[in-house]
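Here the structure is laid out as structure tokens; the discussion comes afterwards.
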Amino acid sequence: MLVYHIPMDKQNIILHMDLDAFFASCEERENPHFLGKPIVVGADPKGGKGRGVVSTANYSARKFGIHSAMPISQAWRLCPGAIFLPVNGRLYSRVSSSVMNILKDTAREYKGKFEQVGIDEAYLDLTDTGASLLSLTKNIKKEIYEKEKITASIGIGPSMLVAKIASDFQKPDGLTIVKPGDVQNFLDPLSIRKIPGIGPKTERLLSGLQVQTVADLRKIPQSLLYEEFGQHGISLYESARGVDHRLISEETDTKSISEEHTFEHDTNSAQKILSTLFLLIKNVLKTASDEDYKNFRTITIKVRYADFKTHTKAQSENYSIPDAEHIEKIALQLLWKFLLPNKKIRLIGFRINKFT
Ligand code: TTP
Ligand code: MG
């Protein structure tokens, strides 16, 4: 465990938690005999002919080069001996809710703020809590493990950006605390890809400016970054210094449940697409109802065509689960525009979010 310094100066104190290999960890704890074996959660590999993608892989499988969003056929080629499992959304939602409750309770106990930002990710603002950071963090990790038998990585820093990078720094089961005066030493040696928001495209453009690490990025004048990247350049300039103006928003009811399906063969058969959509709706509403969420505000449809162009369309109003028929009707209206006789569909998805 690397601890840069504690306690921290009086500045913002932000904690970021991200569960390790989340879907795969849930599967491991459900099936202890999988322990130590490579696990890949995602689409059916169908002996190397499957067409979907990897949702996640545990750390043993990652040693073979397998990672999220990789075609499942490629994962199969890299490690045919891995255990391939389908996505069990209901299990992961249950575990996620339980972990988030531990964090919410911590926020309540210390009068901090809590914000969930993904199924396995959340921030706490501990600025005015006076909490002892090391023991609070150790307690959170311990409680998550005792209750759910999975590990979490936690980072603490003076901004959401630094906390997020810190939680990733020593995965899995990591704990990294970065005090304000150490932000620059912490960030400088890191690859710019560690900064959320810098993807392959920005990386390529920055490498044209001889920028590989955060230290390199820090040497580029703000005016040049603005010239090259516009407003995004300003945020690159700030990120290289650990500056992030976002604050924790305490909206705890933002949550989404979704499911998607990749067709065996690209299709424009309306019958096939609609029956799949209805099945996705049924599964999502069942998960929501299992978790006791009865009302939500937004329905989103996602369509990926054979050429991988992906579109989403959403509609917001007040929906409630007993109105499944109404929900199907809206989903159908949203989907309709995507059903084109000359364009085959590869994947469809259905999502609901923002519970009230
Ligand atoms: P992540 O936190 O990005 O990944 P992870 O928890 O599997 O691994 P890490 O230890 O690096 O945090 O995502 C959380 C879950 O979201 C992940 O377990 C599966 C799902 N997911 C997908 O389904 N597709 C994706 O492309 C990604 C990135 C994640
Ligand atoms: Mg994770």
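Predicted, not measured: the structure shown is a model, and the values here were computed from it. Note that ligands are numbered from 1 as they come in the structure, with each ligand's atoms numbered from 1 the same way. These numbers come from the heavy atoms of this one structure, side chains and all, not from hydrogens, waters or symmetry mates.
- Using cut-offs of 30° and 60° for the angle between ring planes, the Trp76 and Phe84 rings count as tilted.
- Of all the heavy atoms of Glu121, none lies under 4.0 Å from any atom of ligand 1, so neither backbone nor side chain is involved.
- For the 3.5 Å distance criterion, the side chains of Ser153 and Asp18 fail to qualify, holding no donor opposite an acceptor.
- Comparing heavy-atom distances from atom 17 (C) of ligand 1 across Thr56, Asp20, Val54, Asn58 singles out Thr56 as nearest.
- Comment: Asp266 engages Arg51 in a salt bridge, judged by a side-chain N to carboxylate O separation of less than 4.0 angstrom.
- Taking only non-hydrogen atoms, the option from Phe23, Tyr59, Tyr92, Phe22 nearest to atom 16 (O) of ligand 1 is Phe23.
- In this structure, Arg241 is positioned above the aromatic face of Tyr237, its NZ or CZ under 6.0 Å from the six-membered ring centre and within 45° of the axis.
- A donor and an acceptor atom, one from each side chain of Ser98 and Asn101, are nowhere located under 3.5 Å apart.
- Relative ring orientation between Phe338 and Tyr305 is described as perpendicular, the plane-to-plane angle rising above 60° on a 0-90° scale split at 30° and 60°.
- Residue Arg62 approaches ligand 1 through these ligand atoms, each under 4.0 Å from one of its heavy atoms: 5 (P), 7 (O), 8 (O), 9 (P), 10 (O), 11 (O).
- Ser68 CB, 3.6 Å is the protein heavy atom nearest to atom 26 (O) of ligand 1.
- Taking a distance limit of 4.0 Å, we find that atom 3 (O) of ligand 1 is approached by no protein heavy atom.
- Looking at Ile14 and Asp125, their side chains come closer than 4.5 Å, going by heavy atoms from C-beta outward.
- Nearest to atom 1 (P) of ligand 1 by heavy atom, out of Ile119, Asp120, Asp173, Asp168, is Asp120.
- Between Ala21 and ligand 1 there is a heavy-atom distance shorter than 4.0 Å.
- Closest to atom 22 (C) of ligand 1, if we only count protein heavy atoms, is Ser55 O, 3.3 Å.
- When atom types are taken as modelled, the side chain of Ser25 and the backbone of Asp20 share a donor-acceptor pair closer than 3.5 angstrom.
- Counting backbone and side-chain atoms alike, Ala21 contributes no N/O/S atom closer than 2.8 Å to the Mg ion (ligand 2).
- No other N/O/S atom of Asp18 lies as close to the Mg ion (ligand 2) as OD1 does.
- With Tyr145 as the aromatic partner, Lys147 does not meet the cation-pi criteria of under 6.0 angstrom to the ring centre and within 45 degrees of the ring axis.
- Close approach of ligand 1 to Asp18 is summarised as follows: ligand atoms under 4.0 Å from at least one heavy atom of the residue are 2 (O), 12 (O).
- Restricting Asp120 to its N/O/S atoms, the shortest distance to the Mg ion (ligand 2) is reached by OD2.
- Of the heavy atoms in Val87, none comes closer than 4.0 Å to ligand 1.
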